[in-house]
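Read the structure below first, then the notes.
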Amino acid sequence: MRLRALLETEALGLRLLGGEDELDRTVRGVMTTDLRDPSRYLSGGELVLTGLAWRRDASDSEPFVRILAGAGVAGLAAGEAELGDIPADLVEACLQHRLPLFAVHETVAFATITEHVVRQVSGERAGDLAAVVDRHRRLMTSGPAGGGPEVVLDLLTSDLDLRAWVLSPTGRQIAGAGAPLPGALGAALAGRHLAATRTGRRGPHRAAVAGTTYSLFPIRNTGRGAVPAARDVRESVLSDWLLAVEADASDWPAARLDLLQGVTQLIAVERDRRDAARTVRRRLAQEVLELVQAGAAPAEIAARLRVAAPVLLPGLGAAPQWQVVVARVDWTATDTPGPGGVPGDIAGGPAAQALLEEILVDPAVSGPDSADRIAVAHTGEEAIALVPLPAVPAPLPDTVGGPTDTAAGTADTAAAPESGEPAAAQDPALHADALLAAVREPLSAGLADDGRLTLGVSAAVHSAEGLRGALEEARHARRVAAARPGRVCAAGHHELASHVLLLPFVPDDVRRAFTARLLDPLRDYDRRHRAELIETLEAFLDCDGSWTRCAARLHLHVNTLRYRVGRIEQLTGRDLSRLEDKLDFFLALRMS
């Protein structure tokens with residue numbers, strides 16, 4: 001039980017004199033003493049009751065409180081019967097050592113407080129076991145009143161006064177009891193959990209965020225019928241759920257830790273059941289992709305899409321558009337075992353499949369079933385998602401696989417809406433950067449320094465004929481993302497139609513030599529003279545070489561601008577009136 005619960009029990013007549021910030025301390029027992037040094041009888045976590053008979057003068061208070069604090073007691077309750085009021089020197093000593101201090105009214109016997117604490121603490125274990133039995137019963141019950149993560153978390157709150165949440169590896173809330181966890185906090189906790197898991201440390205992991213301590217338990221099914229444990233932590237680190245408990249489990253007794261481990265196994269069984277329910281959607285995606293890659297006739301692919309559409313978007317009146325998303329997780333091969341691992345390559349396909357199913361979930365939707373409209377297959381080391389989109393109001397075919405103009409086979413998802421409607425309402429398509437914005441931080445922690453996630457997104461297509469091109473487009477976009485620095489990278493189809501497609505594939509040494517030859521003289525000059533030549537060059541190229549527009553943007557006189565451009569040409573030996581030299585500067589700026 002916690003000190004706060006004692007204060008809230010009116011029958012005990014306790015009055016708080018100090019230590020309000022420490023009321024979440026756990027009370028494991030109670031001890032009554034008037035010894036000047038009771039340390040030999042203390043083991044930590046006790047509520048100490050004293051009648052103050054040990055106090056002869058003000059100098060006795062600080063040593064007594066220091067001994068209690070050093071022994072790790074939960075709090076001190078002093079009776080008012082002996083002295084009337086609690087001495088100020090005792091209050092000051094408790095504040096100094098951050099020890100919660102209560103005053104016990106003279107009408108309340110110490111025996112009443114002792115009986116209450118003993119009854120609560122001794123009944124805790126029995127309550128834990130009863131909760132486990134009841135939890136098993138509820139989880140095995142079919143129908144709406146059956147089990148699930150919410151039932152388990154409700155029991156933790158009602159029986160053990162623990163607030164807890166089930167989180168995905170990206171920090172999305174799967175289930176929770178009470179108020180939902182803020183998205184940023186969930187992402188931070190998931191990142192701490194993934195980072196700790198990668199070090200090989202066993203859970204629970206302790207994390208302090210915004211002044212609150214959480215204990216993070218990995219959710220894995222280790223019971224009968226469980227999937228064999230991964231040979232390497234990297235095989236499962238990016239797909240396992242976690243249980244975040246708002247408490248510090250570092251000082252919990254073994255029985256309480258065992259109980260929470262049992263809770264995680266129960267939730268893991270539910271996770272396995274829900275994963276099995278995804279089999280149909282995964283199989284649909286696999287069948288469609290096999291037809292697309294085999295070059296099957298559009299009519300045959302369209303028939304498969306007609307089967308998939310009602311499953312993924314039930315009740316949809318019009319045929320949806322489709323997008324293809326390709327993801328890949330790559331691990332650096334090792335010659336020696338990592339924490340709990342084995343030498344050699346790690347299969348990235350299953351991890352990429354689980355991650356892609358998680359990333360494509362609408363972040364505004366919580367719950368374990370929010371990914372039911374996502375079909376993801378994995379082939380080799382890459383995962384491929386077939387994502388249905390509601391049809392936009394446009395003259396599109398009425399049926400999947402119907403006649404279509406080749407040029408209309410893709411939708412320009414980057415186009416901005418012209419009407420006053422929200423962009424999301426007009427353009428339901430996925431965008432590469434937006435997909436990873438909320439998950440980049442936690443996933444980077446899980447990938448650590450030896451893993452990478454790269455992702456490519458195609459344009460939206462509204463026919464079977466467009467799927468093959470969309471698949472290749474997504475794969476090309478993923479390769480562009482893979483050529484960029486960073487642990488988590490994405491690229492979209494719109495980046496394939498410009499210089500962006502070419503620049504990432506230029507070897508690093510060539511990029512460095514090219515940019516150094518053109519830009520280093522300007523950077524050196526700027527450092528010495530603060531001439532802002534680099535800024536001037538960027539603005540001049542952005543304005544397509546227009547002197548008046550560039551001077552207006554930089555708030556310069558045209559003659560000053562001409563002087564700066566002349567200095568750029570003098571330092572580099574280039575002529576900014578020539579297209580070739582403009583192009584070289586443009587590329588150098590993009591590669592720098």
Side-chain angles (χ1 to χ4, degrees), residues 412-416 418 423 431-434 436-437 440-441 444 449 452 454-457 473 476-592:
D412 183 7
T413 59
E418 296 181 359
H431 297 270
D433 291 338
L436 297 183
R440 182 172 276 109
E441 180 182 352
S444 296
D449 57 356
R452 291 199 73 203
T454 51
L455 184 145
V457 181
E473 195 171 56
H476 283 307
R478 192 207 64 78
R479 284 192 282 270
V480 170
R484 294 172 175 167
R487 290 291 163 195
V488 180
C489 299
H493 63 93
H494 60 280
E495 300 182 62
L496 304 182
S498 71
H499 64 280
V500 177
L501 175 63
L502 303 176
L503 294 185
F505 299 99
V506 178
D508 289 343
D509 55 341
V510 176
R511 291 158 65 100
R512 286 192 295 269
F514 182 74
T515 58
R517 186 169 65 253
L518 282 175
L519 302 182
D520 279 2
L522 306 183
R523 294 189 179 113
D524 291 341
Y525 191 87
D526 281 346
R527 278 194 294 269
R528 294 196 306 270
H529 303 285
R530 298 182 180 178
E532 299 181 347
L533 296 185
I534 291 291
E535 180 184 352
T536 301
L537 176 61
E538 291 177 333
F540 187 71
L541 294 176
D542 285 344
C543 293
D544 299 323
S546 170
W547 296 98
T548 55
R549 283 195 290 125
C550 184
R553 176 185 292 191
L554 295 175
H555 305 291
L556 299 174
H557 192 278
V558 172
N559 289 340
T560 304
L561 175 62
R562 291 185 182 278
Y563 172 80
R564 288 189 182 181
V565 171
R567 178 64 67 186
I568 292 171
E569 293 175 334
Q570 179 184 14
L571 291 170
T572 61
R574 299 298 185 106
D575 183 354
L576 277 169
S577 66
R578 299 177 66 246
L579 175 62
E580 294 88 345
D581 288 342
K582 286 181 181 177
L583 180 60
D584 282 350
F585 277 120
F586 175 80
L587 293 175
L589 289 169
R590 291 300 181 273
M591 288 191 292
S592 63

- Apply side-chain contact (heavy atoms from CB on, under 4.5 Å) to F540 and I568, showing your working. CA-CA 11 Å; F540 187 71; I568 292 171; over 6 Å; no
- What's the spacing between C489 SG and R440 CZ if we round to 0.5 Å?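 Reported value, rounded in 0.5 Å steps: 7.0 Å.
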- Any chance you could measure R553, atom CZ, to E538, atom CD, to the nearest 0.5 Å?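 If we round to the nearest 0.5 Å, R553:CZ and E538:CD are 10.0 Å apart.
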- Do you know which of R479, R478, E473 makes side-chain contact (heavy atoms from CB on, under 4.5 Å) with H476?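 Single pass found, and it is R479.
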- Message: Using the side-chain contact (heavy atoms from CB on, under 4.5 Å) criterion, which residues pair with A491? Sequence neighbours excluded.
- Response: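 Here the qualifying residues are A477, V480, A481, R484, E495.
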Tell me the closest heavy-atom pair linking [X] and [Y], and the distance in Å.
X: A588; Y: L519; value: O-CD1, 3.7 Å
X: A551; Y: L561; value: N-CD2, 3.7 Å
X: L533; Y: Y525; value: CD1-CD2, 3.4 Å
X: D544; Y: K582; value: O-NZ, 4.5 Å
X: R549; Y: C543; value: NH2-O, 2.8 Å

Side chains of [X] and [Y]: does their closest heavy-atom pair fall under 4.5 Å?
X: W547; Y: V565; result: yes
X: T536; Y: R567; result: no
X: R517; Y: T572; result: no
X: E532; Y: L554; result: no
X: L576; Y: L537; result: yes
X: L571; Y: D524; result: no

- Item | Lys/Arg-Asp/Glu bridge criterion (N-O < 4.0 Å) met for D526, R523 |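 The answer is no: the pair does not qualify as a salt bridge.
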- Message: Between D575 and R578, does any NZ, NE, NH1 or NH2 come within less than 4.0 Å of an OD or OE carboxylate oxygen?
- Response: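 Looking at R578 and D575, the cut-off is not met.
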- Message: Between R487 and R452, is the side-chain contact (heavy atoms from CB on, under 4.5 Å) condition met? List the steps.
- Response: CA-CA 5 Å; R487 290 291 163 195; R452 291 199 73 203; 3.6 Å; yes
